[in-house]
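Taking it in order: structure first as structure tokens, then the write-up.
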Amino acid sequence: MFAHHRKKIRLLFAIADALLTVIAFQLAYFTRTHIALDRVFFLAPHNYLLLVAYCAFVWVALGSLQRVYDYLDSANPRRLLANTLRQCVGGTISVILFQYLLRLDPPLSRSFLSVLFAYAFVLLALFRWKSPQLIGAFQRGFGSPYHIVIVGGR
């Protein structure tokens, strides 16, 4: 694959990771607010937007640091799952540290963080499991075909 195609594919996968992380955050928030537990859970709108943006940024940064986007087309499922698990654990821990530094009142609940981790892991793992087919479709539909002619002889 050509280098400029690979860069575009990496960028598309990073954008997909950010979108899937935002979806996981919203699903976790919706799930936690609709579960009847002892304490009521809510986030102020500015905290909600800040945490969503932070989650998307951190998950993409962790994926980039682990070089997840470099080999999505050739990695085996065990490696994909291990890297996705590592990315989600690191992202969840960084959200815990971020909310501690912000001194959110009320702080994020453990159940919300657990559900966020679970949703993010499932969504990213499913997406990465299907990524080889997506890369193939992207390559087939990308631009005009190249024809390479090799001329030469003895």
Side-chain angles (χ1 to χ4, degrees), residues 1 3-139 141-142:
M1 186 180 335
H4 61 282
H5 288 158
R6 189 167 285 285
K7 286 181 184 177
K8 288 180 182 180
I9 288 173
R10 275 190 233 139
L11 178 63
L12 288 176
F13 280 128
I15 291 169
D17 264 13
L19 289 175
L20 289 172
T21 304
V22 168
I23 291 169
F25 189 94
Q26 291 182 349
L27 286 172
Y29 187 75
F30 179 79
T31 301
R32 178 54 185 95
T33 56
H34 286 77
I35 293 175
L37 294 176
D38 292 338
R39 297 178 191 238
V40 176
F41 177 75
F42 68 94
L43 287 172
H46 62 279
N47 288 339
Y48 180 85
L49 291 175
L50 181 65
L51 284 169
V52 166
Y54 180 77
C55 284
F57 173 76
V58 165
W59 255 264
V60 170
L62 288 172
S64 181
L65 285 174
Q66 294 177 10
R67 301 182 62 122
V68 171
Y69 311 124
D70 291 346
Y71 58 85
L72 283 176
D73 56 339
S74 63
N76 62 5
R78 176 181 268 170
R79 185 175 180 187
L80 286 176
L81 285 177
N83 285 338
T84 304
L85 181 65
R86 193 176 308 122
Q87 181 181 14
C88 291
V89 167
T92 305
I93 290 171
S94 77
V95 169
I96 292 168
L97 293 174
F98 185 68
Q99 67 107 23
Y100 175 74
L101 292 174
L102 286 179
R103 297 173 197 247
L104 287 181
D105 190 37
L108 297 176
S109 71
R110 289 179 293 231
S111 57
F112 169 74
L113 292 167
S114 301
V115 171
L116 172 63
F117 168 79
Y119 279 139
F121 178 74
V122 168
L123 288 174
L124 291 174
L126 286 174
F127 178 74
R128 290 176 182 167
W129 181 54
K130 288 294 187 181
S131 64
Q133 292 92 2
L134 295 172
I135 290 173
F138 181 75
Q139 288 173 339
F142 186 77

Close side-chain approach of [X] to [Y], heavy-atom, < 4.5 Å:
{"X": "Leu85", "Y": "Leu81", "result": "no"}
{"X": "Phe13", "Y": "Val68", "result": "no"}
{"X": "Val115", "Y": "Arg32", "result": "no"}
{"X": "Trp59", "Y": "Leu20", "result": "no"}

Closest non-hydrogen atom pair between [X] and [Y], with its separation:
{"X": "Gly90", "Y": "Leu62", "value": "C-CD1, 3.5 Å"}
{"X": "Thr92", "Y": "Leu113", "value": "CG2-O, 4.1 Å"}
{"X": "Cys55", "Y": "Leu116", "value": "SG-CD2, 4.3 Å"}
{"X": "Ala120", "Y": "Cys88", "value": "C-SG, 3.8 Å"}
{"X": "Val58", "Y": "Ser94", "value": "CG1-OG, 3.0 Å"}
{"X": "Phe127", "Y": "Ala16", "value": "CZ-CB, 3.5 Å"}

- Query: CG of Leu97 to CD of Gln99: how many Å apart, nearest 0.5 Å?
  - Reply: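 Going from the CG atom of Leu97 to the CD atom of Gln99 covers 9.0 Å.
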- Atom pair NE2 (His46) and CG (Leu51), whose distance is rounded to the nearest 0.5 Å: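 Result: 10.0 Å between the selected atoms.
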- Does any pair with a residue in residues 17-27 pass salt bridge (charged side-chain N to carboxylate O under 4.0 Å, His left out), and if so which ones, sequence neighbours excluded? Asp17-Arg128
- Task: Please check if the side chain of Ser64 supplies one atom and the backbone of Val60 the other of a donor-acceptor pair under 3.5 Å.
- Result: no
- Partners of Phe117 by ring pair (Phe, Tyr, Trp, His ring centres under 6.0 Å), sequence neighbours excluded?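 Ring pair (Phe, Tyr, Trp, His ring centres under 6.0 Å) list for Phe117, sorted by chain: empty.
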- Item | For Phe121, ring pair (Phe, Tyr, Trp, His ring centres under 6.0 Å) partners two or more places apart |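 Here no residue qualifies.
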- Query: With Phe25, which of Tyr119, Phe30, Tyr48 fulfils side chain to side chain contact (heavy atoms under 4.5 Å, CB included)?
  - Reply: Tyr48
